[in-house]
Amino acid sequence: MRRILIVGSTGSIGTQALDVVERSGDLELVGLAAGSSWPQLTDQAARFGVRRVALADPDAAARAAEHSDVDVLAGPEGLVELITDADCDLVLNALVGSAGLGPTVAALGEGIDLALANKESLVVGGELVTALAEATGARLIPVDSEHSALYQLVATEAPGSVDRLVLTASGGPFRGRTDLDDVTPDDALAHPTWDMGGKITIDSATLMNKGLELIEAHHLFAVPYERIDVVVHPQSIVHALVHLNDGASLAHLGYPDMRVPISYALHHPERADVPVPALDLVEVGSLTFERPDVETFPCLRLAREAAAAGGTAPCVLNAANEVAVHAFLRGELPFTGIARVIESTLAGLPAEPVRHFSDLYEADAQAREVARGVAA
Ligand SMILES: NC(=O)c1ccc[n+]([C@@H]2O[C@H](COP(=O)([O-])OP(=O)(O)OC[C@H]3O[C@@H](n4cnc5c(N)ncnc54)[C@H](OP(=O)(O)O)[C@@H]3O)[C@@H](O)[C@H]2O)c1
């Protein structure tokens, strides 16, 4: 049995991971954590016989402790303690946002293998996070569908034989449109192919999601940014592509279902059954590809610029994006304001070198303050 712990178990990835665990005979859940959804978290603990949970929101933790007999740890430090005390084989980090950095550092610092859905950890602290994994020998197994695909595609390739990586993007609900001034949160939340949490769904609509994934891919596969391409592929069947030095290109295909990459990460290097139909290419009919429209969707350009600037710039990009997306979801910022807030925040905070995780926490806090000012 592989002992696993899931942080972010109440979210879209987290609940799909529980479905994978429930169907698997090889996985034992030893801990669960979330932000504030205490009734759902304590129900999950009861369902899976988990004795210890953590909630980042201290009030929610107090209510969970009052209403259930599980051991409840409180605050962001409670999530870290849950991980460092758990004696587990693998942590799945399914938190959303830069709040995921603490659990990522805790798991890798303890030498525990990490299944990483929380791409923001790598966007914010890519160099330090990958160096930490290397230092402790912990494996970093991506859960993002494109990166899971790339991980599988490059696994048997010799270093030096990979020329380019290609990330595919669905294009989101506004693909083909150029006037986005009046789109509402409901319009932006209606993703055509993937059913995901609110923040990543908005990131998909702005194409920031692909910008974050570009930075994630750079850190996971040590490929320079200029050799990572983004292609819009509305059917979301081809998840990623690798061009090799002998002219061959390898692609990873499948119906869009996150349980596939989640199951791969939780069982790696084995594979387990997932109830997803085999891909029927005749039924799919055609696979189409187009270039991303970076004029209408400037977030992808902003992510490339922050990636090229390096240092704290990707952390600032991410923090400004989180502030802007939440302001948009609350109806306080127009859709097109998201990119404007990020661009102004990046312009106001030039990239600084990153020597320690504390530099990142400081840059994140500063960027949030500047972004809130711009968004107001
Ligand atoms: N959803 C997908 O299909 C998908 C695909 C690829 C990659 N990802 C990535 O996976 C991650 C999770 O995405 P999601 O769609 O599953 O998000 P989600 O549905 O919004 O779930 C987020 C989870 O994080 C918890 N959380 C939120 N803020 C927190 C905080 N400050 N401290 C501790 N826990 C907190 C939430 O707990 P509460 O319920 O208590 O708020 C919930 O369990 C993101 O990085 C996303 O980019 C998602």
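All ligand and atom numbering here is 1-based and tracks the order in the structure. By convention here, the first residue in the shown sequence is residue 1.
Arg2 has no carboxylate O lying under 4.0 Å from a charged side-chain N of Asp89, or vice versa, which leaves the two without a salt bridge. A salt bridge links Asp203 and Lys199; the closest N-O separation between the charged side-chain nitrogens and carboxylate oxygens is under 4.0 Å. Between Arg368 and Glu322, at least one side-chain nitrogen of the basic residue sits less than 4.0 Å from a carboxylate oxygen of the acidic one, meeting the salt-bridge criterion. Between Glu213 and Lys210 there is a salt bridge, since at least one side-chain N of the basic residue sits less than 4.0 Å from a carboxylate O of the acidic one. A salt bridge links Asp85 and Arg52; the closest N-O separation between the charged side-chain nitrogens and carboxylate oxygens is under 4.0 Å. Remark: Glu290 engages Arg175 in a salt bridge, criterion side-chain N to carboxylate O under 4.0 Å.
Around CZ of Arg47, the count of heavy atoms belonging to other residues, nucleotides or ligands within 6.0 Å exceeds 12. Other residues, nucleotides and ligands contribute over 12 non-hydrogen atoms within 6.0 Å of the CG atom of Asp71. Within 6.0 Å of the CD atom in Glu369, the count of heavy atoms belonging to other residues, nucleotides or ligands does not exceed 12.
Remark: minimum distance from atom 19 (O) of ligand 1 to any protein heavy atom is reached at Ser12 N, 2.8 Å. Nearest protein neighbour of atom 29 (C) of ligand 1, counting heavy atoms only, is Gly35 CA, 4.2 Å. Annotation: atom 47 (O) of ligand 1 to nearest protein heavy atom, Lys119 CE, 3.1 Å.
Polar contact with ligand 1: absent for Met258 (N/O pair, distance under 3.5 Å). Taking any N or O of Thr10, backbone or side chain, at least one lies under 3.5 Å from an N or O belonging to ligand 1. Residue contacts with ligand 1: Gly197 is placed with a nitrogen or oxygen under 3.5 Å of a nitrogen or oxygen of the ligand (distance criterion only). Between Ser37 and ligand 1, an N or O atom pair is found at a separation short of 3.5 Å.
Between Phe289 and His233, the angle of the ring planes stays under 30°, which puts this pair in the parallel group of the 30/60° scheme.
Closest heavy-atom approach to atom 40 (O) of ligand 1 within the set Ser36, Gly100, Pro103: this belongs to Ser36. Looking at Lys199, Gln40, Glu120 and measuring to atom 45 (O) of ligand 1, the nearest heavy atom belongs to Glu120. For atom 32 (N) of ligand 1, the nearest non-hydrogen atom from the set Ser9, Ala34, Ala56 belongs to Ala56. In the candidate list Val96, Asn118, Ile13, Ile13 is nearest to atom 16 (O) of ligand 1, counting heavy atoms. Heavy-atom proximity to atom 11 (C) of ligand 1, evaluated over Asn209, Ile200, Leu95, is greatest for Leu95. Among Pro261, Gly11, Gly198, the residue whose heavy atom sits closest to atom 18 (P) of ligand 1 is Gly11. When the options Ala54, Ser121, Gly97, Ala117 are ranked by their closest heavy atom to atom 10 (O) of ligand 1, first place goes to Ala117.
Note: His147 and Tyr151 fail the aromatic proximity criterion, with ring centroids not under 6.0 Å apart.
When non-hydrogen atoms are compared, ligand 1 lies under 4.0 Å from the side chain of Ala99 (C-beta onward) but not from its backbone.
In the vicinity of Met196, heavy-atom distances shorter than 4.0 Å reach the ligand 1 atoms 1 (N), 2 (C), 3 (O). For ligand 1, the atoms sitting less than 4.0 Å from at least one non-hydrogen atom of Ala94 are 12 (C), 22 (C), 23 (C), 24 (O), numbered in the order shown with element in parentheses. For ligand 1 and Asp144, the ligand atoms under 4.0 Å from any heavy atom of the residue are 6 (C), 7 (C).
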